[in-house]
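Right, one structure below, let's go through it.
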2 protein chains.
Amino acid sequence: MRSDYEPKKVPKQARSRATFDAIVEAGARLLVERGYAGVTTNHVAETAGVSIGSLYEYFADKEAVVYEVVRRAAQGFSEDAARPLPALEGAPIDEGIRRWLDALLSAMRSREALLRAIDSDVPLELREPHRRQAWARHLALARAAYRMAGDQVRQDRENEVSFLVVTLVDATLTRLVLDPPRDVCPDTLLDELTERVVEWVAPS
Amino acid sequence: MRSDYEPKKVPKQARSRATFDAIVEAGARLLVERGYAGVTTNHVAETAGVSIGSLYEYFADKEAVVYEVVRRAAQGFSEDAARPLPALEGAPIDEGIRRWLDALLSAMRSREALLRAIDSDVPLELREPHRRQAWARHLALARAAYRMAGDQVRQDRENEVSFLVVTLVDATLTRLVLDPPRDVCPDTLLDELTERVVEWVAPS
DNA sequence: TGCTAACCTGAGCAATCGCTCGGTTTTACT
DNA sequence: AGTAAAACCGAGCGATTGCTCAGGTTAGCA
(Lines give C-alpha, C1' and ligand atoms only; values in the text may rest on other atoms or scores of the structure.)
Protein backbone atom coordinates (compact mmCIF):
# COMPACT_ATOMS: atom_id res chain seq x y z
CA MET A 1 0.00 0.00 0.00
CA ARG A 2 1.73 3.06 -1.28
CA SER A 3 0.49 6.56 -0.69
CA ASP A 4 2.03 8.50 -3.55
CA TYR A 5 0.52 7.62 -6.88
CA GLU A 6 1.75 10.67 -8.74
CA PRO A 7 3.45 10.10 -12.10
CA LYS A 8 7.14 9.45 -11.59
CA LYS A 9 8.17 11.65 -14.49
CA VAL A 10 6.47 14.54 -16.24
CA PRO A 11 6.76 14.51 -20.03
CA LYS A 12 8.64 17.51 -21.44
CA GLN A 13 8.35 17.09 -25.17
CA ALA A 14 5.25 16.93 -27.33
CA ARG A 15 5.96 13.35 -28.32
CA SER A 16 6.16 12.13 -24.78
CA ARG A 17 3.07 14.08 -23.81
CA ALA A 18 1.20 12.15 -26.49
CA THR A 19 2.58 8.89 -25.12
CA PHE A 20 1.49 9.83 -21.62
CA ASP A 21 -1.99 10.76 -22.78
CA ALA A 22 -2.35 7.62 -24.85
CA ILE A 23 -1.54 5.55 -21.78
CA VAL A 24 -4.09 7.33 -19.61
CA GLU A 25 -6.75 7.07 -22.30
CA ALA A 26 -6.06 3.40 -22.83
CA GLY A 27 -6.32 2.93 -19.07
CA ALA A 28 -9.71 4.60 -19.06
CA ARG A 29 -10.91 2.51 -21.96
CA LEU A 30 -9.83 -0.75 -20.41
CA LEU A 31 -11.31 0.26 -17.09
CA VAL A 32 -14.67 0.81 -18.74
CA GLU A 33 -14.54 -2.26 -20.93
CA ARG A 34 -12.98 -4.81 -18.60
CA GLY A 35 -13.10 -3.42 -15.10
CA TYR A 36 -10.25 -2.83 -12.71
CA ALA A 37 -8.96 -6.37 -12.88
CA GLY A 38 -8.75 -6.03 -16.66
CA VAL A 39 -6.38 -3.11 -16.41
CA THR A 40 -2.99 -4.78 -16.68
CA THR A 41 0.14 -2.85 -17.48
CA ASN A 42 0.98 -5.02 -20.49
CA HIS A 43 -2.49 -4.63 -21.85
CA VAL A 44 -2.63 -0.88 -21.25
CA ALA A 45 0.64 -0.39 -23.09
CA GLU A 46 -0.52 -2.51 -25.98
CA THR A 47 -3.88 -0.71 -26.22
CA ALA A 48 -2.10 2.63 -26.13
CA GLY A 49 0.17 1.52 -28.94
CA VAL A 50 3.18 2.06 -26.72
CA SER A 51 5.81 -0.25 -25.34
CA ILE A 52 5.60 -1.53 -21.81
CA GLY A 53 8.93 0.11 -21.10
CA SER A 54 7.51 3.52 -21.94
CA LEU A 55 4.66 3.03 -19.53
CA TYR A 56 7.12 2.48 -16.72
CA GLU A 57 8.98 5.63 -17.67
CA TYR A 58 6.02 7.66 -16.42
CA PHE A 59 4.12 5.49 -14.02
CA ALA A 60 5.48 3.67 -11.01
CA ASP A 61 2.98 0.86 -11.38
CA LYS A 62 -0.50 -0.11 -12.37
CA GLU A 63 -2.06 1.83 -9.51
CA ALA A 64 -0.45 5.06 -10.66
CA VAL A 65 -2.05 4.68 -14.08
CA VAL A 66 -5.51 4.19 -12.64
CA TYR A 67 -4.95 7.03 -10.21
CA GLU A 68 -4.27 9.34 -13.13
CA VAL A 69 -7.34 8.09 -14.95
CA VAL A 70 -9.49 8.89 -11.94
CA ARG A 71 -7.79 12.24 -11.46
CA ARG A 72 -8.66 13.35 -14.96
CA ALA A 73 -12.24 12.15 -14.69
CA ALA A 74 -12.73 14.01 -11.43
CA GLN A 75 -11.17 17.14 -12.82
CA GLY A 76 -13.30 17.11 -15.94
CA PHE A 77 -16.38 16.51 -13.86
CA SER A 78 -15.70 19.40 -11.52
CA GLU A 79 -15.06 21.74 -14.42
CA ASP A 80 -18.26 20.78 -16.20
CA ALA A 81 -20.26 21.05 -13.01
CA ALA A 82 -18.94 24.49 -12.10
CA ARG A 83 -19.19 26.07 -15.55
CA PRO A 84 -22.90 27.04 -15.49
CA LEU A 85 -22.75 28.47 -11.97
CA PRO A 86 -21.54 32.03 -12.53
CA ALA A 87 -24.64 32.71 -14.63
CA LEU A 88 -26.76 32.04 -11.57
CA GLU A 89 -25.56 34.93 -9.44
CA GLY A 90 -28.47 36.80 -8.02
CA ALA A 91 -31.05 34.24 -9.06
CA PRO A 92 -33.73 33.19 -6.57
CA ILE A 93 -32.54 30.44 -4.30
CA ASP A 94 -34.87 27.71 -5.54
CA GLU A 95 -33.98 28.33 -9.15
CA GLY A 96 -30.29 28.43 -8.29
CA ILE A 97 -30.41 25.12 -6.50
CA ARG A 98 -32.38 23.45 -9.24
CA ARG A 99 -29.90 24.63 -11.86
CA TRP A 100 -27.02 23.44 -9.75
CA LEU A 101 -28.57 20.00 -9.51
CA ASP A 102 -29.14 19.92 -13.25
CA ALA A 103 -25.54 20.89 -13.93
CA LEU A 104 -24.23 18.17 -11.62
CA LEU A 105 -26.53 15.59 -13.11
CA SER A 106 -25.60 16.29 -16.69
CA ALA A 107 -21.90 16.37 -15.82
CA MET A 108 -22.34 12.91 -14.31
CA ARG A 109 -24.43 11.58 -17.15
CA SER A 110 -21.95 12.64 -19.78
CA ARG A 111 -19.33 10.36 -18.22
CA GLU A 112 -21.61 7.69 -16.93
CA ALA A 113 -19.62 4.69 -18.12
CA LEU A 114 -16.38 5.87 -16.60
CA LEU A 115 -18.06 6.85 -13.34
CA ARG A 116 -19.65 3.44 -13.13
CA ALA A 117 -16.36 1.68 -13.72
CA ILE A 118 -14.61 3.81 -11.13
CA ASP A 119 -17.37 3.42 -8.59
CA SER A 120 -17.68 -0.30 -9.14
CA ASP A 121 -14.18 -1.53 -9.11
CA VAL A 122 -11.44 0.91 -8.34
CA PRO A 123 -9.95 0.53 -4.85
CA LEU A 124 -10.95 3.32 -2.49
CA GLU A 125 -7.33 4.30 -2.01
CA LEU A 126 -7.13 5.40 -5.61
CA ARG A 127 -10.44 7.18 -5.92
CA GLU A 128 -10.87 8.68 -2.48
CA PRO A 129 -8.39 11.56 -2.77
CA HIS A 130 -10.18 12.86 -5.84
CA ARG A 131 -13.59 12.33 -4.40
CA ARG A 132 -12.57 14.30 -1.35
CA GLN A 133 -11.30 17.09 -3.53
CA ALA A 134 -14.48 17.26 -5.58
CA TRP A 135 -16.45 17.35 -2.37
CA ALA A 136 -14.34 20.14 -1.00
CA ARG A 137 -14.96 22.15 -4.16
CA HIS A 138 -18.69 21.64 -3.94
CA LEU A 139 -18.76 22.48 -0.28
CA ALA A 140 -16.84 25.67 -0.96
CA LEU A 141 -19.27 26.63 -3.69
CA ALA A 142 -22.21 25.83 -1.47
CA ARG A 143 -20.84 27.98 1.33
CA ALA A 144 -20.10 30.84 -0.98
CA ALA A 145 -23.66 30.70 -2.21
CA TYR A 146 -24.75 30.51 1.39
CA ARG A 147 -22.99 33.70 2.27
CA MET A 148 -24.31 35.43 -0.80
CA ALA A 149 -27.83 34.54 0.23
CA GLY A 150 -27.24 36.53 3.39
CA ASP A 151 -30.10 36.63 5.83
CA GLN A 152 -32.35 34.49 3.67
CA VAL A 153 -30.73 31.38 5.07
CA ARG A 154 -30.49 29.87 8.50
CA GLN A 155 -27.27 30.43 10.38
CA ASP A 156 -27.23 27.70 13.00
CA ARG A 157 -25.55 24.33 12.52
CA GLU A 158 -23.99 25.53 9.30
CA ASN A 159 -21.41 22.74 9.24
CA GLU A 160 -23.92 20.00 9.82
CA VAL A 161 -26.39 21.36 7.33
CA SER A 162 -23.91 21.75 4.50
CA PHE A 163 -22.51 18.32 5.23
CA LEU A 164 -25.94 16.76 5.00
CA VAL A 165 -26.91 18.71 1.90
CA VAL A 166 -23.79 17.73 0.01
CA THR A 167 -24.14 14.15 1.19
CA LEU A 168 -27.74 13.95 0.08
CA VAL A 169 -27.13 15.56 -3.29
CA ASP A 170 -24.11 13.42 -4.02
CA ALA A 171 -25.77 10.17 -3.04
CA THR A 172 -29.02 10.92 -4.80
CA LEU A 173 -27.47 11.91 -8.10
CA THR A 174 -25.01 9.04 -8.04
CA ARG A 175 -27.79 6.59 -7.51
CA LEU A 176 -29.95 8.26 -10.11
CA VAL A 177 -27.25 7.88 -12.72
CA LEU A 178 -25.70 4.56 -11.85
CA ASP A 179 -28.66 2.66 -10.51
CA PRO A 180 -31.90 4.39 -11.51
CA PRO A 181 -34.77 3.17 -9.30
CA ARG A 182 -37.79 1.82 -11.07
CA ASP A 183 -40.57 3.28 -9.00
CA VAL A 184 -39.30 6.83 -8.91
CA CYS A 185 -39.63 9.49 -11.58
CA PRO A 186 -36.30 11.32 -11.97
CA ASP A 187 -37.89 14.66 -12.63
CA THR A 188 -40.26 14.46 -9.71
CA LEU A 189 -37.34 13.33 -7.59
CA LEU A 190 -35.33 16.39 -8.54
CA ASP A 191 -38.32 18.62 -7.82
CA GLU A 192 -38.75 17.07 -4.43
CA LEU A 193 -35.03 17.22 -3.76
CA THR A 194 -34.94 20.90 -4.66
CA GLU A 195 -37.88 21.69 -2.41
CA ARG A 196 -36.37 19.78 0.46
CA VAL A 197 -33.00 21.46 0.16
CA VAL A 198 -34.50 24.93 -0.17
CA GLU A 199 -36.72 24.45 2.83
CA TRP A 200 -33.85 23.04 4.77
CA VAL A 201 -31.43 25.82 4.02
CA ALA A 202 -33.85 28.69 3.95
CA PRO A 203 -36.91 27.81 6.04
CA SER A 204 -39.63 30.40 5.47
CA MET B 1 -18.39 -11.90 -15.55
CA ARG B 2 -20.55 -14.58 -14.01
CA SER B 3 -23.85 -13.86 -12.37
CA ASP B 4 -24.28 -16.76 -10.00
CA TYR B 5 -21.92 -16.66 -7.09
CA GLU B 6 -23.79 -19.07 -4.89
CA PRO B 7 -21.81 -21.88 -3.26
CA LYS B 8 -21.60 -24.86 -5.62
CA LYS B 9 -22.23 -27.37 -2.87
CA VAL B 10 -23.91 -27.11 0.50
CA PRO B 11 -22.13 -28.93 3.33
CA LYS B 12 -24.18 -31.71 4.87
CA GLN B 13 -22.09 -32.94 7.72
CA ALA B 14 -20.90 -31.05 10.78
CA ARG B 15 -17.29 -31.45 9.73
CA SER B 16 -17.84 -29.91 6.35
CA ARG B 17 -19.91 -27.10 7.81
CA ALA B 18 -16.91 -26.22 9.92
CA THR B 19 -14.70 -26.28 6.84
CA PHE B 20 -17.10 -24.04 4.98
CA ASP B 21 -17.27 -21.59 7.85
CA ALA B 22 -13.52 -21.56 8.28
CA ILE B 23 -13.13 -20.64 4.64
CA VAL B 24 -15.61 -17.78 4.86
CA GLU B 25 -14.05 -16.49 8.04
CA ALA B 26 -10.58 -16.66 6.58
CA GLY B 27 -11.88 -14.78 3.57
CA ALA B 28 -13.26 -12.05 5.79
CA ARG B 29 -10.02 -11.83 7.71
CA LEU B 30 -7.89 -11.56 4.62
CA LEU B 31 -10.27 -9.03 3.12
CA VAL B 32 -9.89 -6.82 6.18
CA GLU B 33 -6.16 -7.30 6.54
CA ARG B 34 -5.01 -7.25 2.94
CA GLY B 35 -7.85 -5.95 0.81
CA TYR B 36 -9.59 -7.60 -2.09
CA ALA B 37 -6.41 -8.16 -4.06
CA GLY B 38 -4.99 -9.97 -1.04
CA VAL B 39 -7.77 -12.52 -1.04
CA THR B 40 -6.27 -15.35 -3.09
CA THR B 41 -7.72 -18.82 -3.05
CA ASN B 42 -4.45 -20.43 -2.01
CA HIS B 43 -4.05 -17.97 0.80
CA VAL B 44 -7.63 -18.29 1.99
CA ALA B 45 -7.34 -22.06 2.16
CA GLU B 46 -4.08 -21.84 4.05
CA THR B 47 -5.45 -19.27 6.52
CA ALA B 48 -8.53 -21.41 7.06
CA GLY B 49 -6.31 -24.42 7.77
CA VAL B 50 -7.93 -26.25 4.90
CA SER B 51 -6.61 -27.59 1.64
CA ILE B 52 -7.09 -25.74 -1.60
CA GLY B 53 -8.98 -28.72 -2.94
CA SER B 54 -11.57 -28.42 -0.20
CA LEU B 55 -12.14 -24.79 -0.99
CA TYR B 56 -13.05 -25.69 -4.54
CA GLU B 57 -15.47 -28.33 -3.31
CA TYR B 58 -17.73 -25.56 -2.07
CA PHE B 59 -16.87 -22.47 -4.03
CA ALA B 60 -16.72 -22.10 -7.78
CA ASP B 61 -13.97 -19.53 -7.57
CA LYS B 62 -12.50 -16.66 -5.65
CA GLU B 63 -15.48 -14.41 -6.34
CA ALA B 64 -17.87 -16.90 -4.79
CA VAL B 65 -15.90 -16.82 -1.55
CA VAL B 66 -16.00 -13.05 -1.32
CA TYR B 67 -19.67 -13.06 -2.25
CA GLU B 68 -20.40 -15.29 0.70
CA VAL B 69 -18.33 -13.09 2.99
CA VAL B 70 -20.36 -10.06 1.94
CA ARG B 71 -23.60 -11.96 2.23
CA ARG B 72 -22.93 -12.87 5.83
CA ALA B 73 -21.89 -9.36 6.73
CA ALA B 74 -25.04 -7.90 5.18
CA GLN B 75 -27.23 -10.45 6.89
CA GLY B 76 -25.69 -9.85 10.29
CA PHE B 77 -26.00 -6.15 9.81
CA SER B 78 -29.67 -6.30 8.90
CA GLU B 79 -30.43 -8.50 11.87
CA ASP B 80 -28.64 -6.22 14.30
CA ALA B 81 -30.30 -3.18 12.83
CA ALA B 82 -33.80 -4.61 12.99
CA ARG B 83 -33.59 -6.10 16.47
CA PRO B 84 -34.36 -2.97 18.52
CA LEU B 85 -37.26 -1.90 16.31
CA PRO B 86 -40.19 -3.89 17.72
CA ALA B 87 -39.72 -2.11 21.04
CA LEU B 88 -40.50 1.17 19.32
CA GLU B 89 -44.09 0.45 18.35
CA GLY B 90 -46.31 3.29 19.33
CA ALA B 91 -43.48 5.64 20.20
CA PRO B 92 -43.64 9.23 18.96
CA ILE B 93 -42.31 9.56 15.46
CA ASP B 94 -39.26 11.64 16.26
CA GLU B 95 -38.14 9.32 19.01
CA GLY B 96 -38.74 6.31 16.75
CA ILE B 97 -36.61 7.72 13.99
CA ARG B 98 -33.82 8.72 16.31
CA ARG B 99 -33.71 5.23 17.80
CA TRP B 100 -33.74 3.71 14.34
CA LEU B 101 -30.74 5.83 13.37
CA ASP B 102 -28.93 4.84 16.53
CA ALA B 103 -29.56 1.17 15.83
CA LEU B 104 -28.26 1.46 12.29
CA LEU B 105 -25.22 3.38 13.41
CA SER B 106 -24.23 0.94 16.08
CA ALA B 107 -24.79 -2.01 13.77
CA MET B 108 -22.41 -0.37 11.34
CA ARG B 109 -19.85 0.57 13.96
CA SER B 110 -19.68 -2.95 15.33
CA ARG B 111 -18.45 -4.23 11.96
CA GLU B 112 -16.59 -1.16 10.86
CA ALA B 113 -13.45 -2.87 9.62
CA LEU B 114 -15.31 -5.34 7.45
CA LEU B 115 -17.61 -2.67 6.08
CA ARG B 116 -14.64 -0.54 5.20
CA ALA B 117 -12.91 -3.39 3.40
CA ILE B 118 -16.04 -4.26 1.47
CA ASP B 119 -16.78 -0.67 0.56
CA SER B 120 -13.21 0.04 -0.42
CA ASP B 121 -12.24 -2.83 -2.55
CA VAL B 122 -14.86 -5.39 -3.38
CA PRO B 123 -16.18 -5.17 -6.95
CA LEU B 124 -19.69 -3.80 -7.16
CA GLU B 125 -20.94 -7.00 -8.76
CA LEU B 126 -20.26 -8.89 -5.57
CA ARG B 127 -21.55 -6.38 -3.07
CA GLU B 128 -24.46 -4.83 -4.92
CA PRO B 129 -26.97 -7.70 -4.60
CA HIS B 130 -26.65 -7.64 -0.83
CA ARG B 131 -26.72 -3.90 -0.62
CA ARG B 132 -29.91 -3.88 -2.62
CA GLN B 133 -31.42 -6.45 -0.34
CA ALA B 134 -30.53 -4.54 2.81
CA TRP B 135 -32.03 -1.44 1.25
CA ALA B 136 -35.20 -3.27 0.37
CA ARG B 137 -35.52 -4.47 3.94
CA HIS B 138 -35.06 -0.97 5.30
CA LEU B 139 -37.51 0.48 2.84
CA ALA B 140 -40.07 -2.14 3.81
CA LEU B 141 -39.61 -1.31 7.47
CA ALA B 142 -39.85 2.38 6.74
CA ARG B 143 -43.07 1.93 4.80
CA ALA B 144 -44.57 -0.25 7.49
CA ALA B 145 -43.80 2.44 10.01
CA TYR B 146 -45.23 4.93 7.57
CA ARG B 147 -48.54 3.15 7.43
CA MET B 148 -48.62 2.74 11.17
CA ALA B 149 -48.22 6.47 11.55
CA GLY B 150 -51.44 6.88 9.59
CA ASP B 151 -52.56 10.44 9.00
CA GLN B 152 -49.58 11.93 10.77
CA VAL B 153 -47.53 11.61 7.61
CA ARG B 154 -47.79 13.08 4.17
CA GLN B 155 -49.19 10.89 1.45
CA ASP B 156 -48.06 12.52 -1.78
CA ARG B 157 -44.85 11.54 -3.53
CA GLU B 158 -44.38 8.66 -1.14
CA ASN B 159 -41.91 6.91 -3.44
CA GLU B 160 -39.76 9.96 -3.87
CA VAL B 161 -39.74 10.85 -0.21
CA SER B 162 -38.83 7.39 0.99
CA PHE B 163 -36.13 7.20 -1.65
CA LEU B 164 -34.63 10.44 -0.41
CA VAL B 165 -34.89 9.40 3.22
CA VAL B 166 -33.19 6.07 2.72
CA THR B 167 -30.54 7.61 0.48
CA LEU B 168 -29.74 10.33 2.96
CA VAL B 169 -29.65 8.02 5.95
CA ASP B 170 -27.51 5.45 4.23
CA ALA B 171 -25.01 7.93 2.84
CA THR B 172 -24.76 9.91 6.06
CA LEU B 173 -24.20 6.96 8.35
CA THR B 174 -21.75 5.32 5.97
CA ARG B 175 -19.73 8.47 5.80
CA LEU B 176 -19.97 9.00 9.53
CA VAL B 177 -18.51 5.58 10.21
CA LEU B 178 -16.00 5.17 7.42
CA ASP B 179 -14.82 8.72 6.94
CA PRO B 180 -15.82 10.87 9.92
CA PRO B 181 -15.67 14.57 9.01
CA ARG B 182 -13.58 16.76 11.25
CA ASP B 183 -15.72 19.84 11.50
CA VAL B 184 -18.98 18.13 12.31
CA CYS B 185 -20.21 16.86 15.65
CA PRO B 186 -21.73 13.40 15.18
CA ASP B 187 -24.39 13.93 17.79
CA THR B 188 -25.53 17.26 16.41
CA LEU B 189 -25.47 15.68 12.97
CA LEU B 190 -27.82 12.93 14.08
CA ASP B 191 -30.09 15.49 15.70
CA GLU B 192 -30.27 17.51 12.52
CA LEU B 193 -30.75 14.36 10.47
CA THR B 194 -33.62 13.25 12.68
CA GLU B 195 -35.31 16.64 12.43
CA ARG B 196 -35.01 16.63 8.65
CA VAL B 197 -36.41 13.17 8.25
CA VAL B 198 -39.30 13.89 10.58
CA GLU B 199 -40.14 17.09 8.77
CA TRP B 200 -40.02 15.42 5.38
CA VAL B 201 -42.16 12.55 6.41
CA ALA B 202 -44.54 14.31 8.74
CA PRO B 203 -44.52 18.05 8.06
CA SER B 204 -46.37 19.90 10.78
C1' DT C 1 27.17 18.35 -37.43
C1' DG C 2 27.81 16.32 -33.35
C1' DC C 3 26.53 15.56 -28.67
C1' DT C 4 23.53 14.94 -24.71
C1' DA C 5 19.36 14.16 -22.70
C1' DA C 6 14.95 12.72 -23.42
C1' DC C 7 12.44 9.11 -25.07
C1' DC C 8 11.30 4.60 -26.66
C1' DT C 9 11.69 -0.57 -27.31
C1' DG C 10 10.30 -5.52 -26.23
C1' DA C 11 12.19 -10.05 -24.94
C1' DG C 12 11.77 -12.23 -21.04
C1' DC C 13 12.29 -13.16 -15.75
C1' DA C 14 10.58 -14.24 -11.29
C1' DA C 15 6.57 -14.55 -8.93
C1' DT C 16 2.05 -15.55 -8.42
C1' DC C 17 -2.37 -16.68 -9.78
C1' DG C 18 -6.68 -19.64 -10.20
C1' DC C 19 -7.67 -24.06 -10.48
C1' DT C 20 -7.46 -29.49 -11.60
C1' DC C 21 -7.18 -34.12 -10.53
C1' DG C 22 -5.92 -38.58 -8.81
C1' DG C 23 -6.05 -40.38 -4.73
C1' DT C 24 -6.82 -40.93 0.56
C1' DT C 25 -9.60 -40.57 4.78
C1' DT C 26 -13.91 -40.07 7.34
C1' DT C 27 -18.80 -40.58 7.99
C1' DA C 28 -23.42 -42.58 7.77
C1' DC C 29 -25.95 -46.43 7.15
C1' DT C 30 -26.88 -51.14 6.71
C1' DA D 1 -17.99 -55.36 9.07
C1' DG D 2 -18.76 -53.72 4.66
C1' DT D 3 -19.80 -50.18 1.49
C1' DA D 4 -20.90 -46.02 -0.78
C1' DA D 5 -21.09 -41.32 -0.37
C1' DA D 6 -19.16 -37.35 1.51
C1' DA D 7 -15.25 -34.85 2.57
C1' DC D 8 -10.54 -33.83 2.22
C1' DC D 9 -5.84 -33.55 0.44
C1' DG D 10 -1.85 -30.99 -1.97
C1' DA D 11 1.62 -31.31 -5.77
C1' DG D 12 1.81 -28.93 -9.55
C1' DC D 13 0.15 -27.13 -14.39
C1' DG D 14 -0.66 -23.55 -17.58
C1' DA D 15 -1.41 -18.90 -17.81
C1' DT D 16 -0.67 -14.41 -16.50
C1' DT D 17 1.14 -10.80 -13.91
C1' DG D 18 4.02 -6.67 -12.76
C1' DC D 19 8.11 -5.12 -13.97
C1' DT D 20 13.46 -4.79 -15.48
C1' DC D 21 17.12 -3.80 -18.31
C1' DA D 22 20.32 -3.31 -21.96
C1' DG D 23 20.33 -1.16 -25.83
C1' DG D 24 18.20 1.64 -29.89
C1' DT D 25 15.94 6.14 -31.64
C1' DT D 26 14.62 11.00 -31.75
C1' DA D 27 14.73 15.91 -30.39
C1' DG D 28 16.94 20.14 -28.91
C1' DC D 29 20.78 22.89 -28.96
C1' DA D 30 25.43 24.54 -29.83
Side-chain angles (χ1 to χ4, degrees), chain A residues 1-2 4-27 30-31 33-69 121-123 125-126, chain B residues 1-2 4-27 30-31 33-69 121-123 125-126:
Chain A
M1 239 187 253
R2 281 189 1 281
D4 182 17
Y5 297 102
E6 295 297 323
K8 64 198 258 197
K9 188 159 88 178
V10 175
K12 304 188 172 178
Q13 303 175 358
R15 179 170 55 132
S16 55
R17 229 168 293 131
T19 301
F20 190 96
D21 288 350
I23 293 169
V24 178
E25 279 156 27
L30 285 178
L31 190 61
E33 289 174 6
R34 323 213 172 179
Y36 183 70
V39 180
T40 71
T41 49
N42 285 324
H43 209 144
V44 167
E46 189 188 1
T47 304
V50 149
S51 103
I52 179 67
S54 293
L55 189 151
Y56 280 97
E57 286 276 324
Y58 301 103
F59 300 94
D61 50 27
K62 169 191 167 163
E63 282 75 27
V65 176
V66 175
Y67 183 86
E68 184 68 17
V69 169
D121 261 358
V122 174
E125 253 190 300
L126 302 177
Chain B
M1 240 187 248
R2 279 187 6 278
D4 182 17
Y5 298 102
E6 294 297 322
K8 65 199 256 195
K9 190 160 87 175
V10 175
K12 305 187 171 179
Q13 303 176 0
R15 180 172 53 134
S16 56
R17 230 168 293 131
T19 301
F20 190 96
D21 289 349
I23 292 169
V24 178
E25 278 156 28
L30 285 178
L31 190 60
E33 289 174 5
R34 323 214 172 177
Y36 183 70
V39 181
T40 71
T41 49
N42 285 322
H43 207 143
V44 167
E46 189 188 3
T47 305
V50 149
S51 104
I52 179 67
S54 293
L55 188 150
Y56 280 97
E57 287 277 323
Y58 302 103
F59 299 95
D61 50 27
K62 169 191 167 162
E63 282 75 28
V65 176
V66 175
Y67 183 85
E68 184 67 18
V69 169
D121 259 359
V122 174
E125 255 189 298
L126 302 177

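Hydrogens, waters and symmetry mates play no part in the numbers below; they use all other heavy atoms, side chains included.
Distances shorter than 4.0 Å separate none of the side-chain N or O atoms of S54(A) from OP1 or OP2 on dC7(C). Taking 4.0 angstrom as the limit, Y58(A) places a side-chain polar atom (N or O) nearer than this to OP1 or OP2 of dC8(C).
Chain A approaches DNA chain D within less than 4.0 angstrom (heavy atoms of the protein), and the contacting nucleotides run 5' to 3' from dT17(D) to dA27(D).
In this structure, the helix from dG2(C)-dC29(D) to dT30(C)-dA1(D) shows an angle of 20° between the axis at its start and the axis at its end, each fitted on 5 base pairs and rounded to 10°.
Take P11(A) and apply the side chain to side chain contact (heavy atoms under 4.5 Å, CB included) test, not counting sequence neighbours, and it matches S16(A), R17(A), F20(A), Y58(A).
The closest side-chain heavy-atom distance from Y5(A) to E68(A) is not below 4.5 Å. Y36(B) places a side-chain heavy atom less than 4.5 Å from the side chain of P123(B).
Atom pair I23(A):CD1 and dC7(C):P shows a separation of 12 Å (rounding to whole Å applied). The nearest whole Å value for the distance from the OH atom in Y56(B) to the C1' atom in dG23(C) is 20 Å. Between the CG atom of L55(B) and the C1' atom of dC17(C) there is a distance of 14 Å, given to the nearest Å.
For DNA chain D, the residues of residues 40-52 of chain A within the heavy-atom distance limit of 4.0 Å (strictly under) are T40(A), T41(A), N42(A), I52(A), sorted by number.
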Per-nucleotide protein contact string for nucleotides 24-30 of chain C, where B marks a base within reach and S marks sugar-phosphate only (heavy atoms under 4.0 Å, - for neither): --SSS--
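Among all heavy-atom pairs drawn from G27(B) and V69(B), the shortest one is C-CG2, 4.0 Å.
Residue V10(A) is out of contact with every strand shown, counting any heavy-atom pair closer than 4.0 Å. Using a 4.0 Å heavy-atom distance criterion, F20(A) is classed as making no nucleic acid contact. Counting any heavy atom pair closer than 4.0 Å across all strands shown, F59(A) reaches no nucleic acid atom.
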For a quick test of your reading: what N or O donor-acceptor pairs under 3.5 Å do the side chains of residues 37-47 of chain B make, sequence neighbours left out?
unit_1, atom_1, unit_2, atom_2, d
T40(B), OG1, H43(B), N, 3.2
T41(B), OG1, Y56(B), OH, 3.3
T47(B), OG1, H43(B), O, 2.8

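Atom CD of Q13(B) is separated from atom OG1 of T19(B) by 10.0 Å, given to the nearest 0.5 angstrom. Atoms CG and CZ, on D121(A) and R34(A) in that order, are 14.0 Å from each other to the nearest 0.5 Å.
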